[in-house]
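Worksheet for the structure shown next.
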Amino acid sequence: GQNIDQPTEMTATEGAIVQINCTYQTSGFNGLFWYQQHAGEAPTFLSYNVLDGLEEKGRFSSFLSRSKGYSYLLLKELQMKDSASYLCAVIRPPSYQKVTFGIGTKLQVIP
Amino acid sequence: GAVVSQHPSRVICKSGTSVKIECRSLDFQATTMFWYRQFPKQSLMLMATSNEGSKATYEQGVEKDKFLINHASLTLSTLTVTSAHPEDSSFYICSAYASGGGRHNEQFFGPGTRLTVL
């Protein structure tokens with residue numbers, strides 16, 4: 001089975017740093033995605049991790065520990081436009097494309 | 001990045017009618033596309049995998065006779081919701097992967113279709 005857990009809501013201040021955690025218990029693992037989704041819109045790609053460690057891309061970084069079934073998305077220098085839902089998604093073997101999504105973490109950035 | 005389009009973006013229909021949603025990859029070919037459904041405040045749920053030139057594969061609990069999928073070409077997949085009912089009202093999103101050119105394993109989503117069944 002597939003079980004992906006992430007906090008449902010978080011609030012952070014503009015300019016600050018926020019870390020969104022995701023834990024997963026899945027029957028196999030072929031990689032993990034983070035997506036950003038604004039209300040009423042489709043998700044947009046943020047990051048992809050398949051090996052342990054930190055992947056940095058501008059203000060966004062994503063970390064993966066396969067042994068712990070754990071990932072986090074780190075957002076730095078928060079901006080008001082970062083208010084959105086952040087979805088953790090795990091690729092399910094044997095596919096390298098089919099994913100299971102977590103429920104998403106709704107982040108609210110306040111002034 | 002690669003572009004995936006969906007049409008229509010929003011549709012309102014009467015109960016019992018059928019609705020067709022198109023998903024197109026605009027600047028790349030996609031042998032496989034995916035259809036998701038998202039209810040309010042819930043996660044995206046994979047409905048089916050659309051395969052060019054062959055039958056779609058459906059996730060458990062998704063009625064294949066109700067949600068007809070046709071992958072007519074390498075750039076077009078269609079989802080038809082047959083005999084729609086109010087409980088089918090949802091946000092339907094398609095996706096496709098673009099491989100190569102530095103976009104390894106990156107999934108691109110269409111903008112979604114908001115279906116409301118009265």
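Every chain is numbered from 1, with letters handed out A, B, ... down the list of sequences.
- Counting non-hydrogen atoms of neighbouring residues, nucleotides and ligands closer than 6.0 angstrom, the NE2 atom of A:H38 exceeds 12 such neighbours.
- Between B:Q107 and A:F45 the shortest side-chain heavy-atom distance does not fall below 4.5 Å.
- Interface residues of residues 61-73 of chain A toward chain B, defined by a heavy-atom distance below 4.5 Å: none.
- In the displayed structure, A:M10 atom CE is contacted under 6.0 Å by more than 12 heavy atoms of other residues, nucleotides or ligands.
- Taken to the nearest 0.5 Å, the OG atom of B:S43 stands 8.0 Å off from the CD atom of A:Q37.
- Aromatic ring centres of B:Y36 and A:F101: separated by under 6.0 Å.
- For residues 104-111 of chain A, an interface with chain B (any heavy-atom pair closer than 4.5 Å) does not exist.
- Only the side chain of B:Q38 comes within contact range of chain A, with heavy atoms under 4.5 Å apart.
- Each of B:F109 and B:M47 belongs to its own hydrophobic cluster when Ile, Leu, Val, Met, Phe, Trp and Tyr are linked at side-chain heavy-atom distances under 4.5 angstrom.
- In the hydrophobic clustering of ILVMFWY residues, with side-chain heavy atoms under 4.5 Å counting as a link, B:F67 and B:I21 come out together.
- Residues B:L46 and A:R92 come closest through the heavy atom pair CD2-NH2, 3.6 Å.
- The environment of NZ in A:K57 is crowded: more than 12 heavy-atom neighbours from other residues, nucleotides or ligands sit within 6.0 Å.
- Across B:I93 and A:P43, no two heavy atoms sit closer than the pair CD1-CD, 4.0 Å.
- Within a 6.0 Å radius of NZ in B:K64, other residues, nucleotides and ligands contribute 12 heavy atoms or fewer.
- Considering all non-hydrogen atoms of both residues, A:A42 and B:G110 come closest at CB-O, 2.6 Å.
- Hydrophobic clustering, with ILVMFWY side chains joined whenever heavy atoms are under 4.5 angstrom apart, groups A:L46 together with A:V90.
- At least one side-chain heavy atom of B:L44 sits under 4.5 Å from a side-chain heavy atom of A:L87.
- Within a 6.0 Å radius of CD in A:E77, no more than 12 heavy atoms belonging to other residues, nucleotides or ligands are found.
- Transitive grouping of hydrophobic side chains (ILVMFWY, heavy atoms separated by less than 4.5 Å) keeps A:Y35 and A:Y24 in distinct clusters.
- Ion pairing between a basic and an acidic side chain is recognised when a charged N comes within 4.0 Å of a carboxylate O; B:K41 and A:E9 show no such pairing.
- The heavy-atom pair separating B:Y97 from A:Q97 by the smallest distance is OH-O, 2.6 Å.
- When every heavy atom of A:E41 is checked against every heavy atom of B:F91, the shortest pair comes out as O-CE2, 3.7 Å.
- By number of non-hydrogen pairs under 4.5 angstrom with chain B, the leading residue of A:A39, A:G40, A:G31, A:S95 is A:G40.
- Residues B:S95 and A:V99 fail the side-chain proximity criterion, which asks for heavy atoms closer than 4.5 Å.
- Residues B:L118 and B:Y92 are members of separate hydrophobic clusters, defined by side-chain heavy-atom contacts under 4.5 angstrom among Ile, Leu, Val, Met, Phe, Trp and Tyr.
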